[in-house]
Each structure stands twice: as C-alpha cells, then as structure tokens.
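Take a look at the structure below.
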Amino acid sequence: MSSLSRVVVPLIQGFEDAGDFTVAERFKTSIHANLVFYLIVGSIGFFGLVLLIMLNKIRRGGVLGSAMACSNTFGLVTGVFLLGFGLSEIPKGLWRNADWKTRQKVLSDKIAKMVMKLDDAHQELSNAIVASIFELYLICQNLHIMLELFFNASLLFCYYRV
C-alpha cells in the first residue's frame, strides 16, 4: 500500500499532467518530475537528520523512533487535510439536497439560466443564417449581372459577326 501512494499514484498524476504527445514521453516526464520531487524531499530530510544528530538531539538508537514519529505525523496531517474538506463538504451537500423544495428551486433556477443561454444561442444562430442568406443574395445578384453582361456581349459579338 505504501508503494501505491508514494510511487504509482504520483506517477499516474504526473503522466496525466504531462503535455507530451507520446505515451513514452509522458512517462519520462512523469518519472523525471517525481525523481526531482523525491530528491528534494530526501535531501531536506537527510539534511534535517544530520542536523539533529550534530546537535545531539537524537542518538543512533533514536533515529528509528524519530522516523516513526515523522511517518505518523505525515499520515495524521495528510488525513486531516484530505478529510477536513470532505467531512464538511459531503454533509453540506446532503443537507442542501435533502429538502426537495429547495432542490427544486435550485434546479429551476439552473434550468432558467440554461434556457436563457439557449435562447441567446438561438438568436445568434438566426442572425448568422440571415447574414449568410443576405450574402448569398448579393452573390447571386452579382452573378446575375455578370451573366447578363456576358450574354449581351456574346449577342453583340454574334450580331456584328453576321
């Protein structure tokens, strides 16, 4: 389970965030980003451990206890951050959706906004259709004038030729 949370999930997250075009390049980018992250975190941890040993705050036998304390602290802080939002947001959503009258009002408001957007889009489409029909009319008028000139010129050519 530990390898899943520290290796596989960040690898997949990095893969999804990568902007490369091929799968292999996305994995390379993800692995590189994760290696940089773990090297920085490991360097900071190693520096802190060396600093604590040099200040005689922990002894050789106390390194394991300090590592366990850091691990537990990390787990608890992560749990608090991840659950803090979810534990308050899920009941709020359930509480809001529990009252059918309020839920109906909210959904009716959303529907009204969508209808207004649909009406605006329909109006824009109608304007675009009218503009394109007008352009087509102008093109047809120009074509009609050009054909009339062509036929007049060909009639004159035939008349003077005979």
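Position 1 is the first residue of the sequence, and the numbers go up from there.
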Original post:
Between Ile31 and Lys28, does a side chain to side chain contact (heavy atoms under 4.5 Å, CB included) hold up when you go through it step by step?
Top reply: CA-CA 5 Å; Ile31 289 169; Lys28 285 180 187 176; 5.9 Å; no
Original post:
When clusters are formed by joining ILVMFWY residues with side-chain heavy atoms under 4.5 Å apart, either directly or through shared neighbours, do Ile145 and Ile139 land in the same one?
Top reply: no
**OP:** Give the cluster check for Tyr38 versus Phe74: same hydrophobic cluster or not, with ILVMFWY residues linked at side-chain heavy-atom distances below 4.5 Å.
**Re:** no
Original post:
Would you say the side-chain atoms of Ser30 pair up with the backbone N or O of Arg26, donor to acceptor, closer than 3.5 Å?
Top reply: no
Original post:
Taking the side chain from Asp20 and the backbone from Thr29, do they hold a donor-acceptor pair closer than 3.5 Å?
Top reply: no
Original post:
What distance separates Asp119 CG from Glu124 CD, expressed to the nearest 0.5 Å?
Top reply: 10.5 Å
Subject >> Reported CG-to-CZ distance for the pair Leu39 and Phe46, which is rounded to 0.5 angstrom >> reply: 13.0 Å
Subject >> Value rounded to 0.5 Å, distance of NZ in Lys117 from CE in Met114 >> reply: 7.0 Å
Original post:
Any donor and acceptor pair, going by atom type alone, linking the side chain of Ser132 with main-chain N or O of Ile129 inside 3.5 Å?
Top reply: yes
Original post:
Which value, rounded to the nearest 0.5 Å, describes the distance between Ile133 atom CD1 and Leu138 atom CG?
Top reply: 12.5 Å
Original post:
Does Phe134 share a hydrophobic cluster with Leu143, counting links as ILVMFWY side-chain heavy atoms below 4.5 Å and allowing steps through other members?
Top reply: no
Subject >> Lys/Arg-Asp/Glu bridge criterion (N-O < 4.0 Å) met for Lys113, Asp109 >> reply: yes
Subject >> Nearest-0.5 Å distance, OG of residue Ser108 to CZ of residue Arg103 >> reply: 10.5 Å
Original post:
For Gln141, does the CD atom sit with more than 12 other heavy atoms under 6.0 Å from it, leaving out its own atoms?
Top reply: yes
Original post:
Is there a side-chain contact between Gln123 and Asn127, using heavy atoms and a 4.5 Å cut-off?
Top reply: yes
**OP:** Determine, step by step, whether Leu118 and His122 satisfy the side chain to side chain contact (heavy atoms under 4.5 Å, CB included) criterion, reporting the C-alpha distance in whole Å, the side-chain angles of both residues, the deciding distance to 0.1 Å, and the verdict.
**Re:** CA-CA 6 Å; Leu118 179 65; His122 185 264; 5.6 Å; no
Original post:
Can you tell me how far CZ of Phe15 sits from CG of Asn34, rounded to the nearest 0.5 angstrom?
Top reply: 13.0 Å
